[in-house]
There are 6 protein chains.
Amino acid sequence: MRPSGRTPDQMRAIVIEPRFTRHAEGSVLIGFGDTKVIVTASVEERVPPFLRGKGQGWVTAEYGMLPRATHTRGSREAAKGKQSGRTQEIQRLIGRSLRAVTDLSALGERQITLDCDVIQADGGTRTASISGAWVALRLAVNGLIAAGKLERDPIGQKVAAVSCGIFQGNPVLDLDYDEDSNADADANFVLLENGHIAEAQATAEHATYDEEALLRLLRLARIGCTEIFAAQARAVA
Amino acid sequence: MRPSGRTPDQMRAIVIEPRFTRHAEGSVLIGFGDTKVIVTASVEERVPPFLRGKGQGWVTAEYGMLPRATHTRGSREAAKGKQSGRTQEIQRLIGRSLRAVTDLSALGERQITLDCDVIQADGGTRTASISGAWVALRLAVNGLIAAGKLERDPIGQKVAAVSCGIFQGNPVLDLDYDEDSNADADANFVLLENGHIAEAQATAEHATYDEEALLRLLRLARIGCTEIFAAQARAVA
Amino acid sequence: MRPSGRTPDQMRAIVIEPRFTRHAEGSVLIGFGDTKVIVTASVEERVPPFLRGKGQGWVTAEYGMLPRATHTRGSREAAKGKQSGRTQEIQRLIGRSLRAVTDLSALGERQITLDCDVIQADGGTRTASISGAWVALRLAVNGLIAAGKLERDPIGQKVAAVSCGIFQGNPVLDLDYDEDSNADADANFVLLENGHIAEAQATAEHATYDEEALLRLLRLARIGCTEIFAAQARAVA
Amino acid sequence: MRPSGRTPDQMRAIVIEPRFTRHAEGSVLIGFGDTKVIVTASVEERVPPFLRGKGQGWVTAEYGMLPRATHTRGSREAAKGKQSGRTQEIQRLIGRSLRAVTDLSALGERQITLDCDVIQADGGTRTASISGAWVALRLAVNGLIAAGKLERDPIGQKVAAVSCGIFQGNPVLDLDYDEDSNADADANFVLLENGHIAEAQATAEHATYDEEALLRLLRLARIGCTEIFAAQARAVA
Amino acid sequence: MRPSGRTPDQMRAIVIEPRFTRHAEGSVLIGFGDTKVIVTASVEERVPPFLRGKGQGWVTAEYGMLPRATHTRGSREAAKGKQSGRTQEIQRLIGRSLRAVTDLSALGERQITLDCDVIQADGGTRTASISGAWVALRLAVNGLIAAGKLERDPIGQKVAAVSCGIFQGNPVLDLDYDEDSNADADANFVLLENGHIAEAQATAEHATYDEEALLRLLRLARIGCTEIFAAQARAVA
Amino acid sequence: MRPSGRTPDQMRAIVIEPRFTRHAEGSVLIGFGDTKVIVTASVEERVPPFLRGKGQGWVTAEYGMLPRATHTRGSREAAKGKQSGRTQEIQRLIGRSLRAVTDLSALGERQITLDCDVIQADGGTRTASISGAWVALRLAVNGLIAAGKLERDPIGQKVAAVSCGIFQGNPVLDLDYDEDSNADADANFVLLENGHIAEAQATAEHATYDEEALLRLLRLARIGCTEIFAAQARAVA
């Protein structure tokens with residue numbers, strides 16, 4: 001039995017509120033149950049130094065958590081003066097995931113930054129961030145297309161992410177905090193709508209796992225992402 | 001004429017949504033028009049080193065802005081590795097303002113941290129933060145009282161803050177971004193419900209001002225805070 | 001009774017020693033009683049990035065305290081690797097105050113940096129810094145004028161600053177450390193010679209205050225600044 | 001054809017030189033072809049704060065690269081004043097991988113730090129680090145056992161890691177730099193001698209991949225790790 | 001000919017003003033010509049962690065330069081967020097030099113910190129700092145003795161320092177900035193009153209030097225230090 | 001008697017392994033007994049900002065120690081976020097020493113960076129670094145000459161360094177850790193093959209020393225450097 005009473009392959013409620021803030025070219029509030037993340041997509045007409053003059057754009061991400069997004073208050077990274085290894089690992093993953101579906105040449109010499117800020121955490125903040133970031137990116141790119149700034153659509157297809165894990169011996173989908181903090185193993189899969197994989201990460205926490213378990217986790221992730229793709233489609237409709 | 005069409009002594013709509021997040025002992029989403037700030041109050045059963053063993057508590061604040069809360073994306077302070085002088089100035093002001101209405105001895109040896117995170121900015125983020133922080137603090141202290149942890153209520157009365165300024169020669173209340181970025185002078189007043197002043201700051205931006213102007217700005221602030229006190233009262237009712 | 005035996009509206013001795021150091025374009029040692037600050041004005045033929053090509057100059061300030069300027073040794077900010085919030089707040093205030101009397105267009109594309117370093121502290125270091133900075137700035141600008149580098153004088157008038165506070169229930173002028181560390185409220189006023197206000201900051205420390213008190217503090221500040229303006233005039237004569 | 005002329009499932013030469021340095025409780029120089037890493041295991045009779053008094057130990061890792069380990073000189077992280085996101089991601093992975101085979105309760109209240117310093121890089125530095133770290137850890141723990149400090153052996157079995165990737169459409173084992181910098185996808189697998197998986201990470205670089213590809217990469221990794229386990233066994237014999 | 005017209009073995013005017021600031025247990029303003037340094041000695045009843053419980057004290061030093069102590073403004077180390085290598089090298093040298101004449105056991109478990117802050121620089125700031133630091137230390141220790149806190153005097157004898165160099169082929173004493181910035185080689189000697197050497201550092205800048213030159217520089221340093229010892233004696237008389 | 005059984009003027013075994021790593025233009029593993037340092041010379045076709053357009057090159061050095069190069073593990077400077085004063089002092093010394101034998105005009109507008117990384121420490125790491133750096137620099141410059149990039153050889157002659165000290169009252173050559181940590185005084189001499197001195201540093205640790213001792217230490221250094229020059233010659237032959 002899962003603490004939430006969900007079945008093993010049941011996602012939490014997915015809520016996507018597009019255009020959540022005013023100033024960003026794209027923005028969204030995404031919720032996977034009690035996990036809530038604000039994602040904004042900011043378009044800037046410049047690229048990082050290593051890309052200057054190469055005729056292509058860049059998509060990158062930054063991630064943060066409000067100090068009291070969690071059960072107990074964590075220290076503010078800006079006050080500590082550095083981002084944790086966990087934060088950097090997550091924002092690198094988000095950036096890679098979105099670039100996996102973006103044709104950077106079609107974007108032109110501009111950068112889109114996806115800021116993912118967790119306002120409430122209950123497990124799965126990085127996968128909610130990726131899933132929401134696609135919506136924010138889609139909205140921002142729609143704006144560029146509407147403004148006649150792009151010759152072709154740089155976004156090939158949807159990308160979504162979900163966590164799974166082995167909890168009390170059983171593979172389950174979309175871990176909440178209670179499950180995540182006690183899982184034997186947890187995994188994050190970043191999947192494309194066509195079934196391809198952009199990123200698979202499966203980590204033993206309290207117990208190593210076998211190949212069969214890895215495959216079962218991937219099957220669960222496919223179920224979850226199908227649901228997320230549908231929510232993304234509704235949000236940008 | 002004000003860009004928003006407001007009269008000189010007209011506040012923007014004040015919206016206070018208490019208990020906005022799940023984990024914090026007190027929390028609120030406060031909006032002054034398009035300025036929106038999440039404030040959480042976190043109670044910790046410890047005090048900073050300089051207060052250990054002195055039988056009193058502490059109230060402090062931290063402030064941040066999501067990178068794209070503003071018209072153009074600002075860099076993330078956690079990524080830059082330090083908080084700006086502006087951020088530190090604001091969070092010191094918020095902390096002082098709340099301590100002005102708190103009996104730290106009555107709080108006992110515990111600390112309440114008020115995290116003010118701006119998710120959308122349109123002028124007045126520090127005054128909205130102070131006004132919202134009082135609500136979050138009130139809710140957190142109510143919880144301590146309900147749990148029997150306090151012998152008497154450490155919060156003496158309400159505190160609220162509002163900005164005013166000289167815009168195109170006229171004193172106006174509750175500057176939005178269009179006004180704030182072009183004001184001759186701007187001021188922030190932190191007022192108590194009994195009319196006393198916790199903090200007055202009035203700064204010449206494009207033109208210095210005289211004593212009469214200072215007094216007129218204070219009068220406007222009294223009008224604005226009256227409205228904020230009412231909204232605070234409804235939020236904690 | 002004030003600890004120093006001064007009357008409520010009595011300043012400490014103001015001593016201004018112009019041209020205190022050799023290398024700076026303008027320099028001064030200013031003393032408000034036992035508070036002593038070295039201020040240098042450095043002229044550089046460049047402006048910060050945000051002003052490049054705009055045909056105007058910039059005036060900015062930095063502030064520091066020798067570690068043993070105070071009763072007990074404070075840690076060296078250079079060794080800690082960051083400036084405190086207090087330091088940043090003060091240097092922002094000094095810069096704003098001097099810009100309030102400077103026509104930046106008349107200055108041309110050059111920057112004047114006012115370094116205020118406290119070598120001995122006894123309350124009022126920020127107001128002594130501002131008052132001394134005007135002298136250093138005046139001397140540096142006189143040099144630019146003498147060298148034929150300016151078409152018109154960019155400094156409109158004098159600016160000075162003084163602290164006041166409510167000490168044991170009474171408004172008093174120019175707090176020393178004994179008063180400052182026990183005041184109910186303290187205030188800093190930055191005034192122009194024509195009576196206008198560049199900055200007013202009044203903060204409740206142990207007790208909030210009313211409008212009448214604010215006005216009485218301002219009256220005291222006017223008395224103090226009159227004396228400072230005279231000392232500034234003598235120093236640059 | 002692979003640039004090195006290797007067959008798709010062919011590892012580079014694995015060289016493990018145990019006891020490479022004098023002072024560390026365990027140490028090794030491990031080479032996967034031209035990739036060479038010094039790993040030391042340092043035993044300290046203390047644990048990090050979050051584990052104090054819990055009767056268990058800790059295994060952690062740090063990772064670095066000499067500035068000229070690479071084709072062009074990279075800046076020294078100590079001089080820049082921070083570790084990159086990549087460095088932190090790698091050292092977190094190394095630590096987790098070794099903890100996956102260590103019974104922390106059996107280790108007692110002591111910490112073993114695995115320092116992995118790359119002196120020459122040609123792809124696969126993190127997998128060589130993990131594989132070498134097991135040897136250094138084994139040697140250090142052998143020393144603790146010989147000194148009578150442990151009641152039972154905290155290391156359950158061997159752990160090794162290897163990279164694989166899709167290069168020019170074909171799954172290949174143990175990518176060198178030429179392959180790694182041009183791979184469509186690359187993966188790192190951390191495997192136990194009993195066949196279980198401690199960590200699987202597969203990332204699309206230039207092209208996403210399907211489930212079949214993921215499984216083929218895992219098969220290659222099993223081939224590579226079998227060879228590494230044999231080399232580890234020889235090194236600690 | 002020296003730019004200043006001095007003879008090769010001629011020191012600049014040495015001015016030592018003891019008790020220059022109020023709060024420090026010992027303080028001095030020392031001038032070697034236009035080089036002026038404020039040195040304070042702060043006594044604290046604690047020792048650094050590595051000495052706790054060992055029944056001995058510690059003497060350490062910190063060094064800084066006001067940003068405009070020099071011909072052109074240097075950036076403020078506190079604002080840059082780190083001390084330069086030069087600063088650290090100098091403060092380590094000052095600390096070592098003073099410890100060379102201090103019996104740390106006789107000092108008891110207390111620390112004396114010597115803060116050397118250059119307010120005007122014209123060459124020889126580190127040697128002026130060391131020479132002034134001895135006076136500040138002597139005054140502070142005299143205070144401890146007068147207060148009955150020490151059983152015996154921990155300061156064995158005087159220590160002083162002076163720079164010398166090869167300028168236009170000739171060994172000269174006490175380099176000023178004009179000489180220092182063009183010297184073929186420069187040296188700093190830290191000498192005891194009994195003729196012993198605490199530190200000798202001789203560095204080729206534009207030309208290497210031979211053993212004979214090294215000895216001639218040392219002879220010059222002995223001449224200079226004799227003069228400094230006399231000035232120190234007068235200052236503490 | 002020396003702990004190692006060496007005679008007072010006996011060096012430890014000097015081992016120089018040129019071309020130790022693949023990627024650097026010059027590289028070497030140098031050992032002075034159990035002290036082992038990897039030095040790489042990296043050539044870059046750019047100079048630091050202060051030299052741009054001046055038609056000359058630059059030689060600089062960076063120094064680091066693997067955390068467990070020493071008897072007990074030291075913290076990693078990259079993880080702490082700053083280089084220690086000792087590290088900076090050493091890398092400044094190495095850079096100066098190599099520049100003392102390099103004609104920077106003959107080098108052209110390029111920079112050579114000498115990275116000295118200590119993999120095992122037993123005293124004398126800075127002198128081994130300097131001595132090895134000359135070999136790495138020589139190899140890198142040989143490559144530039146072979147590639148026809150230099151009109152004349154910028155390296156005038158060999159430079160080497162060795163430590164000496166007063167151990168138990170006796171001057172001894174090439175201190176190992178046991179001696180270094182207990183020496184009354186220690187010294188580092190950087191000598192040229194023609195007998196000239198590039199740098200002399202002699203520091204009292206537990207006892208000050210006289211002029212005769214300084215000269216005896218220099219004599220020992222000459223003996224040691226003669227041996228190092230021979231080893232350098234063999235290494236680049």
Side-chain angles (χ1 to χ4, degrees), chain A residues 19-29 31 33-46 60-84 87-88 91 111-122 136 140 176-177, chain B residues 19-29 31 33-46 60-84 87-88 91 111-122 136 140 176-177:
Chain A
R19 299 173 194 85
F20 184 69
T21 67
R22 289 175 63 91
H23 301 310
E25 284 73 26
S27 72
V28 72
L29 173 68
D34 279 331
T35 289
K36 293 180 197 297
V37 186
I38 297 174
V39 187
T40 57
S42 296
V43 179
E44 292 169 296
E45 299 292 321
R46 57 177 188 78
T60 188
E62 289 190 4
Y63 170 94
M65 239 195 229
L66 299 198
R68 195 55 195 281
T70 44
H71 286 73
T72 57
R73 186 176 184 274
S75 58
R76 186 178 289 266
E77 291 190 331
K80 279 198 305 181
K82 64 178 196 173
Q83 295 179 297
S84 70
T87 291
Q88 292 189 65
Q91 64 193 12
Q111 172 168 300
I112 302 184
T113 302
L114 298 156
D115 282 291
C116 304
D117 286 273
V118 179
I119 62 175
Q120 191 172 278
D122 187 33
D176 58 28
Y177 177 79
Chain B
R19 300 172 195 86
F20 184 70
T21 67
R22 288 174 65 89
H23 302 310
E25 285 72 27
S27 72
V28 72
L29 174 69
D34 279 331
T35 289
K36 293 181 195 298
V37 186
I38 298 174
V39 187
T40 58
S42 297
V43 179
E44 291 168 295
E45 297 293 321
R46 58 178 188 78
T60 188
E62 289 190 5
Y63 171 93
M65 236 195 231
L66 299 199
R68 194 57 195 280
T70 43
H71 286 74
T72 56
R73 186 177 183 273
S75 59
R76 186 178 290 267
E77 290 189 331
K80 279 200 301 183
K82 65 178 194 174
Q83 293 179 297
S84 70
T87 290
Q88 291 188 66
Q91 64 193 12
Q111 172 168 299
I112 302 184
T113 302
L114 298 156
D115 283 291
C116 304
D117 286 274
V118 180
I119 61 175
Q120 193 171 276
D122 187 33
D176 58 28
Y177 177 80

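All chains are named by letter (A, B, ...) in the order of the sequence lines, taking the proteins before the strands, and each is independently numbered beginning at 1.
Neither the backbone nor the side chain of B/Y177 comes within less than 4.5 Å of any heavy atom of chain A. Contact annotation for A/T113: only side-chain heavy atoms (C-beta onward) come within less than 4.5 Å of a heavy atom of chain B.
Checking each of A/H71, A/R68, A/Q120 against B/R22 for a side-chain contact (heavy atoms from CB on, under 4.5 Å) leaves exactly one that passes, namely A/Q120. Paired with B/L66 under the rule side-chain contact (heavy atoms from CB on, under 4.5 Å), one option of A/L66, A/T21, A/T40, A/I119 passes, and it is A/L66.
The shortest distance between side-chain heavy atoms of B/R76 and A/D117 falls below 4.5 Å.
The residue among B/Q83, B/E44, B/Q88 with the most heavy atom pairs within less than 4.5 Å of chain A is B/Q83. Taking chain A as the reference chain and counting heavy-atom pairs below 4.5 Å, the highest number among B/G64, B/S27, B/A41, B/P67 is found for B/P67. Top candidate by heavy-atom pairs under 4.5 Å with chain B, chosen from A/E25, A/R73, A/K36, A/E77, is A/R73. Ranked by heavy-atom pairs under 4.5 Å with chain A, the list B/E62, B/Q91, B/K80 is led by B/E62.
Taking CG of B/D122 as the start and NE2 of A/H23 as the end, the distance is 6.0 Å to the nearest 0.5 Å.
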